[in-house]
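Everything on this sheet refers to the single structure shown next.
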Number of protein chains: 2
Amino acid sequence: MYICIMYSSELIKGTLKTIVLKLLSETKEMYGYEITQKVKELTDSKIVITEGALYPLLHQLEAEGVVTTETVNIGKRIRKYYTLTQTGNERAKEKLYEFADFINTMNILLDLKPSVKYV
Amino acid sequence: MYICIMYSSELIKGTLKTIVLKLLSETKEMYGYEITQKVKELTDSKIVITEGALYPLLHQLEAEGVVTTETVNIGKRIRKYYTLTQTGNERAKEKLYEFADFINTMNILLDLKPSVKYV
DNA sequence: CAAATATACATAAGAAAATTATGTATATGC
DNA sequence: GCATATACATAATTTTCTTATGTATATTTG
């Protein structure tokens with residue numbers, strides 16, 4: 001499952017794309033399994049991305065020209081590396097900015113403080 | 001539409017219940033239309049709740065025993081007031097706590113600072 | 001060294017939650 | 001009088017994720 005222990009799944013919907021774009025904007029090249037492990041590690045297993053959610057998204061991003069892929073043979077197994085295109089880098093920035101703004105709005109609405117800064 | 005100008009719809013999915021429960025936990029009694037207007041006002045029209053999203057949710061919450069309703073006649077029109085039950089109050093607290101924790105996790109993951117406090 | 005677990009991809013059926021559209025009706029402001 | 005606001009409701013469709021299934025190689029552990 002996309003979310004494992006902590007959060008009700010409905011809460012997370014729609015953040016997957018933002019998460020993936022952010023990770024790819026930091027680490028030039030990543031493959032699917034690597035992304036799932038990185039998220040698990042960074043969130044202390046609070047957010048666990050499933051393959052059923054991730055792979056279709058990655059394929060969609062490729063179809064949209066947001067990422068390009070390179071398939072590499074690791075022994076007899078394959079590994080598919082994803083890299084952001086120029087469009088992808090802009091998209092990542094937009095998504096992050098949008099998310100930060102959304103958090104600010106939610107903080108005001110739900111009366112949580114302080115607010116998030118995104119520079 | 002649920003979201004009007006600012007945010008991509010996917011980002012907001014799943015936050016509606018949290019928003020509604022929070023508002024009801026602050027203002028004993030609210031009716032549907034009032035909730036849509038309050039959210040619009042508090043978010044400066046960045047988040048706009050649609051009837052198609054709100055009413056089914058309110059009905060669901062009633063079926064679950066989270067809220068009780070009271071129908072009042074305003075002239076020849078009806079107004080349906082929603083009030084949190086005891087269960088509902090607990091649910092509201094849980095949802096808010098969960099959301100605050102989720103925001104913290106996302107801040108770490110997306111490297112946004114500072115984090116949100118929920119006491 | 002066999003079995004369990006981890007690595008690594010993929011897709012398809014179904015569920016959940018919203019969008020979009022439609023419907024009904026009264027009240028108010030210009 | 002007409003447009004907009006108030007106030008409810010539901011139904012078809014879409015999006016996005018969950019759950020399940022499938023294939024296959026690599027590594028760890030008892």
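Just so you know, these numbers come straight off a predicted model, no measurement behind them. Sequence lines set the chain letters: A, B, ... in the order given, protein chains first and strands last, and positions in each chain run from 1.
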For this session: Test B:Thr15 against A:Phe102 for side-chain contact (heavy atoms from CB on, under 4.5 Å), laying out the working first.
Result: CA-CA 11 Å; B:Thr15 58; A:Phe102 170 63; 3.9 Å; yes

Problem set entry | Check: A:Gly65 main-chain N/O paired with A:Thr85 side-chain donor or acceptor under 3.5 Å | yes

For this session: Dump the intermediate steps for side-chain contact (heavy atoms from CB on, under 4.5 Å) on B:Lys46 and A:Asp101, then the final yes or no.
Result: CA-CA 10 Å; B:Lys46 284 182 182 178; A:Asp101 191 282; 3.5 Å; yes

For this session: Would you check if there is a donor-acceptor pair between the side chains of B:Glu64 and B:Gln60 at a distance under 3.5 Å?
Result: yes

Exercise. Among residues 56-69 of chain B, which contact DNA chain D at a heavy-atom distance under 4.0 Å?
Worked result: B:Pro56, B:His59

Exercise. Given A:Leu42, which of A:Ile47, A:Ile19, A:Leu23 fulfils the side chain to side chain contact (heavy atoms under 4.5 Å, CB included) condition?
Worked result: A:Leu23

Problem set entry | Protein-nucleotide distance (B:Leu16, atom CG; C:dA16, atom C1'), rounded to Å | 13 Å

Exercise. Rounded to whole angstrom units, what separation is found between the CG atom of B:Leu54 and the P atom of C:dT19?
Worked result: 11 Å

Exercise. Atom CD of B:Gln37 to atom C1' of D:dT4: distance rounded to whole Å?
Worked result: 12 Å

Problem set entry | NZ/NE/NH1/NH2 to OD/OE distance under 4.0 Å, B:Lys93 and B:Glu90 | no

For this session: Find the distance B:Tyr55:OH to C:dA18:P and express it as a whole number of Å.
Result: 16 Å

Problem set entry | Whole-Å gap separating P (C:dA6) and OH (A:Tyr31) | 15 Å

Exercise. Distance check: side-chain N/O of A:Tyr33 vs OP1/OP2 of C:dC9, anything under 4.0 Å?
Worked result: no

Problem set entry | side-chain contact (heavy atoms from CB on, under 4.5 Å) evaluation trace for A:Leu84 with A:Leu21 | CA-CA 8 Å; A:Leu84 287 182; A:Leu21 291 177; 3.8 Å; yes

Seminar exercise, completed: Rounded to whole Å, CD1 of B:Ile49 lies from P of C:dA17 at a distance of 16 Å

Exercise. Closest heavy-atom contact between B:Leu24 and B:Tyr82?
Worked result: CD2-O, 3.5 Å

Exercise. Rounded to the Å, how far apart are A:Lys17 NZ and D:dT16 P?
Worked result: 6 Å

For this session: Among residues two or more places apart or on two chains, list those pairs meeting salt bridge (charged side-chain N to carboxylate O under 4.0 Å, His left out) that have a residue in residues 20-39 of chain B.
Result: B:Lys22-B:Glu26

For this session: Send over the distance from B:Lys95 NZ to C:dA17 C1', rounded to a whole Å.
Result: 12 Å

For this session: For each nucleotide in nucleotides 21-30 of chain C, reading 5' to 3', give B when a protein heavy atom comes within less than 4.0 Å of its base, S when such contact involves only the sugar-phosphate, and - otherwise.
Result: -----BS---

